[in-house]
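Reckoned from all heavy atoms, side chains included, excluding hydrogens, waters and symmetry mates.
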Amino acid sequence: MGEFNEKRETCGTICLKYLLFTFNCCFWLAGLAVMAVGIWTLAFKSNYISLLSSSTYLATAYILVVAGVVVMVTGVLGCCATFKERRNLLRLYFILLLIIFLLEVIAGVLAYVYYQQLSTELKENLKSTMTEKYQKDPNGVTAAVDMLQQEFHCCGSNSSKDWQDSKWIQSPAAEGRLVPDSCCKTVVKWCGRRDHASNIYKVEGGCITKLETFIQDHLRIIGAVGIGIACVQVFGMIFTCCLYKSLKLEHY
């Protein structure tokens, strides 16, 4: 009877080992995906960060990159801990899983909270940022505004009339422009001197609605990736605890 129980326990341990190994393979790929989303955000979706007063959007991307790297390292450690059946490695693996779990939950929560605050932030700050800082920082705000107006075919924060309050438009440096040249449907030098609808983009809601939709869509992706993979990790922690309990204490 004792021999039967021992065989049953050994069989259970083997099953847990392979379950945890399979989980680690999937987990490593998930870490790669998390890191890729973070890098994608920083490389291709961060052009408009200079137009935001809060750094939360950027912080969520960095958290995902860090979490992704740690996940990949942890996945390798998990495989070693599983096949070597070392309880001390399993303990370390569990702690790392817990840390990653918390990082991804934080990234998901930050994305959700910022999603709720984004509309208010843009309404309070975007117009002043565009009208006060345009042409003062050529590689920052100016480049971001020009890209925003060209990419989303819009002009001004709420409308093209917002540019009447621009310090640059009111200065001699504007050379008679009524709006920046990036408002034009066909961008040529001094095209901003004419603000007729046939020449510039006059979109209802201006650039603020376009930018809000763009960032909100990406925040949904960040939040979903963070929370989704964090939920999967719960199973990894459960498998780790089960395997830890099934192994005999190490002898030194």
Chemist: Answer yes if Leu52 and Met147 sit in the same cluster of Ile, Leu, Val, Met, Phe, Trp and Tyr residues linked by side chain heavy atoms under 4.5 Å apart, and no otherwise.
Modeler: yes
Chemist: Give, for atom CG of Leu89 and atom SG of Cys80, the distance between the pair rounded to the nearest 0.5 Å.
Modeler: 7.5 Å
Chemist: Ignoring hydrogens, what is the shortest heavy-atom contact between Met72 and Gly31? Give both atom names and the distance.
Modeler: CG-C, 4.0 Å
Chemist: Are Asp217 and Ile221 packed together at the side-chain level, in the sense that at least one heavy-atom pair is separated by less than 4.5 angstrom?
Modeler: no
Chemist: Counting only heavy atoms not in Phe152, do more than 12 sit closer than 6.0 Å to its CZ atom?
Modeler: yes
Chemist: For Gly206, does its backbone N or O pair with a side-chain atom of Thr209 as donor and acceptor, under 3.5 Å?
Modeler: yes
Chemist: Looking only at atom types and distance, does a side-chain atom of Gln135 sit under 3.5 Å from a main-chain N or O of Thr142, one as donor and one as acceptor?
Modeler: no
Chemist: In this structure, would Phe235 and Leu97 fall into the same cluster of hydrophobic residues linked by side-chain contacts under 4.5 Å?
Modeler: yes
Chemist: Under the ring-ring contact (aromatic ring centres under 6.0 Å, His included) test, which residues partner Trp168, sequence neighbours left out?
Modeler: Tyr134
Chemist: Under 2.5 Å between the SG atoms of Cys183 and Cys155?
Modeler: yes
Chemist: Of all the heavy-atom pairs spanning Glu175 and Arg193, show the shortest one and how long it is.
Modeler: O-NE, 2.8 Å
Chemist: Check whether any side-chain heavy atom of Met35 sits under 4.5 Å from a side-chain heavy atom of Ile39, and report yes or no.
Modeler: yes
Chemist: Does a side-chain heavy-atom distance below 4.5 Å link Arg177 with Lys189?
Modeler: yes
Chemist: Does the side chain of Leu98 reach to within under 4.5 Å of the side chain of Met237, using non-hydrogen atoms?
Modeler: yes
Chemist: Looking at every heavy atom in both Asp181 and Val187, which two are closest together, and how far apart are they?
Modeler: O-CG2, 3.6 Å
Chemist: Nearest 0.5 Å, what's the CD1-CG distance between Ile95 and Leu90?
Modeler: 11.0 Å
Chemist: Enter the distance from Leu126:CG to Leu148:CG here, rounded to the nearest 0.5 Å.
Modeler: 7.0 Å
Chemist: Check ring-ring contact (aromatic ring centres under 6.0 Å, His included) between Tyr62 and all other residues, then give those that pass, not counting sequence neighbours.
Modeler: none
Chemist: Walk me through it: do Cys191 and Cys184 pass the test disulfide bond (SG atoms under 2.5 Å apart)?
Modeler: CA-CA 6 Å; Cys191 65; Cys184 300; 2.3 Å; yes
Chemist: Mind listing the closest non-hydrogen atom pair of Leu118 and Glu212 along with its distance?
Modeler: CD2-O, 3.7 Å
Chemist: What is the distance from atom CG of Leu29 to atom CG of Asn24, rounded to the nearest 0.5 Å?
Modeler: 11.0 Å
Chemist: Rounded at 0.5 Å granularity, tell me how far CZ in Phe21 sits from SG in Cys26.
Modeler: 10.0 Å
Chemist: Taking ring-ring contact (aromatic ring centres under 6.0 Å, His included) as the definition, give me every residue that meets it alongside Tyr201, ordered by chain and number, with sequence neighbours left out.
Modeler: His153
Chemist: Using side-chain heavy atoms (C-beta onward) and a distance below 4.5 Å, is Val203 in contact with Lys210?
Modeler: yes
Chemist: Just verifying a value: how many Å separate Leu219 CG and Thr41 OG1, rounded to the nearest 0.5 Å?
Modeler: 9.0 Å
Chemist: For Asp165, check side-chain hydrogen bond (donor to acceptor under 3.5 Å, both in side chains) against everything at least two apart and list the hits.
Modeler: Lys127
Chemist: Is any side-chain heavy atom of Val70 closer than 4.5 Å to a side-chain heavy atom of Ile99?
Modeler: no
Chemist: Using side-chain hydrogen bond (donor to acceptor under 3.5 Å, both in side chains) as the criterion, list what pairs up with Glu121, not counting sequence neighbours.
Modeler: Ser53, Tyr114
Chemist: For the hydrophobic clusters of this structure (ILVMFWY residues joined by side-chain heavy atoms under 4.5 Å, transitively), does one cluster hold both Val69 and Leu58?
Modeler: yes
Chemist: Mind running side-chain contact (heavy atoms from CB on, under 4.5 Å) on Ser160 and Asp195 for me, showing each step along the way?
Modeler: CA-CA 8 Å; Ser160 58; Asp195 63 353; 5.6 Å; no
Chemist: Taking Trp28 as the starting point, is it possible to reach Val65 by hopping between hydrophobic residues whose side chains are less than 4.5 Å apart?
Modeler: yes
Chemist: Minimum heavy-atom separation for Pro180 to Ile169, with atom names?
Modeler: N-CD1, 4.2 Å
Chemist: If you look at every heavy atom in Thr129 and Val141, which pair is closest and at what distance?
Modeler: O-CG1, 3.9 Å
Chemist: Would Val71 and Val34 count as a side-chain contact (heavy atoms from CB on, under 4.5 Å) if you check the C-alpha gap in whole Å, the side-chain angles of each, and the deciding distance to 0.1 Å?
Modeler: CA-CA 9 Å; Val71 163; Val34 169; 5.8 Å; no
Chemist: Go through the steps for Trp163 and Leu178 under the test side-chain contact (heavy atoms from CB on, under 4.5 Å), then give the verdict.
Modeler: CA-CA 7 Å; Trp163 285 110; Leu178 300 174; over 6 Å; no
Chemist: Are the two sulfur (SG) atoms of Cys154 and Cys207 closer than 2.5 Å?
Modeler: yes
Chemist: More than 12 foreign heavy atoms under 6.0 Å from NZ of Lys185: is that the case here?
Modeler: yes
Chemist: Tell me, please, which residues at least two apart from Phe23 pass ring-ring contact (aromatic ring centres under 6.0 Å, His included).
Modeler: Phe27
Chemist: Please check if atom NZ in Lys202 has more than 12 non-hydrogen atoms from other residues, nucleotides or ligands closer than 6.0 Å.
Modeler: yes
Chemist: Following the transitive rule for hydrophobic clusters with a side-chain heavy-atom cut-off under 4.5 Å over Ile, Leu, Val, Met, Phe, Trp and Tyr, establish whether Leu102 and Val105 coincide in one cluster.
Modeler: yes
